[in-house]
Student: 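Okay, handing you the structure first.
Order of appearance sets the numbers: ligands from 1, and atoms from 1 within every ligand.
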Amino acid sequence: MDDKVKRAYELMESCSLCPRKCGVNRIKGQIGFCKAGLLPMVSSFHAHFGEEPPISGCSGSGTIFFTHCSLRCVFCQNYPISQLGQGKEVSVEELAGFMLKLQAEGCHNINFVTPTHYMPQILEAVFIARKKGLKLPLVYNCGGYESMEALDILDGIIDIYMPDMKYSDNVPAKKYSNTPDYFDINKIAVKEMYRQAGDLKIEKGVAKKGILIRHLVLPENLAGSQKIFEFIANELSSDTYVNIMAQYYSCHLANQFPEIDRRIDAKEYMDAIRSAEKAGLKNGFRQVMSTIKRKCIPEWTDNLKES
Ligand code: SF4
């Protein structure tokens with residue numbers, strides 16, 4: 001673990017923690033694309049009951065929300081945290097303390113939300129917390145735009161990977177997330193996560209290890225859902241758990257793009273569900289849509305079948 005922390009911090013000297021490879025020296029306080037500095041910034045930490053059922057369980061997921069992000073999604077629902085820098089700098093010792101507090105509260109896991117740009121600090125904090133008794137599974141809840149160097153360091157440390165698969169086409173990825181190589185990188189990263197963690201293992205309703213992929217359906221099928229589901233079924237496993245999310249709404253800068261300046265409708269969502277079934281996926285979660293208000297109701301069903 002000592003060696004992994006050292007290797008992780010070395011990636012910050014000419015920052016290549018994520019595939020942007022800005023090359024800035026974060027150790028010396030230089031700032032790259034994500035705007036993250038040397039100390040981790042946290043916007044909040046608490047037991048979260050709104051994650052997928054095996055992640056939240058009955059006692060909650062111990063989520064730690066990190067400030068800043070290496071993506072720039074114009075529709076980000078967390079943009080005050082991810083793009084406007086809402087949060088507070090903390091030391092790695094404080095971060096370790098948050099984990100131990102969440103464990104003491106009875107959470108099922110420690111869930112790092114948007115961790116990519118603070119991976120070394122998180123690892124160091126895990127190292128400290130483990131010495132003080134941290135035993136919970138670790139969840140890496142990320143945008144799926146991850147470097148192989150970083151994932152290699154995380155091998156054997158992370159229990160549950162929860163990456164996004166946002167787009168299957170680099171054109172919308174560039175337009176809406178300023179990430180022109182998103183799908184190329186995302187495919188490689190998700191395959192590596194699957195190699196490390198495998199299919200999701202759930203014991204007594206709570207996830208212990210594995211991968212759970214999140215996919216947000218976009219208006220006009222701009223996320224290219226079908227191609228993503230085919231990739232998952234063919235390149236990972238048809239047993240892969242996928243959460244197909246309906247909660248898109250126009251926020252942050254999305255109103256500057258008329259084609260995404262609205263919620264998705266029920267047909268768009270059901271088309272995505274059917275394309276997952278057609279690809280052969282059978283495990284995962286879908287959300288309940290109200291066709292009257294065309295809003296996503298935050299309830300989960302535990303399979304991909306139409307009810
Ligand atoms: S983590 Fe931030 S500074 Fe480092 S390469 Fe990625 S965007 Fe650049």
Student: Please say whether the positively charged group of R72, taken as NZ for Lys or CZ for Arg, lies over the ring of Y176, i.e. under 6.0 angstrom from the six-membered ring centre and within 45 degrees of the axis.
Tutor: no
Student: Under 3.5 Å, side chain of R20 to main-chain N/O of S70, donor-acceptor pair present?
Tutor: yes
Student: For F229 and M165, run side-chain contact (heavy atoms from CB on, under 4.5 Å): C-alpha distance rounded to whole Å, both residues' side-chain angles, the deciding distance at 0.1 Å, then the answer.
Tutor: CA-CA 9 Å; F229 300 142; M165 290 194 82; over 6 Å; no
Student: For atom 2 (Fe) of ligand 1, what is the number of protein N, O or S atoms at a distance under 2.8 Å?
Tutor: 1
Student: Of all the atoms in ligand 1, which lie at a distance below 4.0 Å from a heavy atom belonging to K21?
Tutor: 5 (S)
Student: Tell me the salt bridge (Lys or Arg N to Asp or Glu O under 4.0 Å) pairs involving residues 230-256, sequence neighbours left out?
Tutor: K191-E235, D239-K282
Student: Please determine if R195 and E192 form a salt bridge, counting it only when a charged side-chain N lies under 4.0 Å from a carboxylate O.
Tutor: yes
Student: What residue among R130, K132, K131 forms side-chain contact (heavy atoms from CB on, under 4.5 Å) with I128?
Tutor: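 In the set R130, K132, K131, the residue that makes a side-chain contact (heavy atoms from CB on, under 4.5 Å) with I128 is K132.
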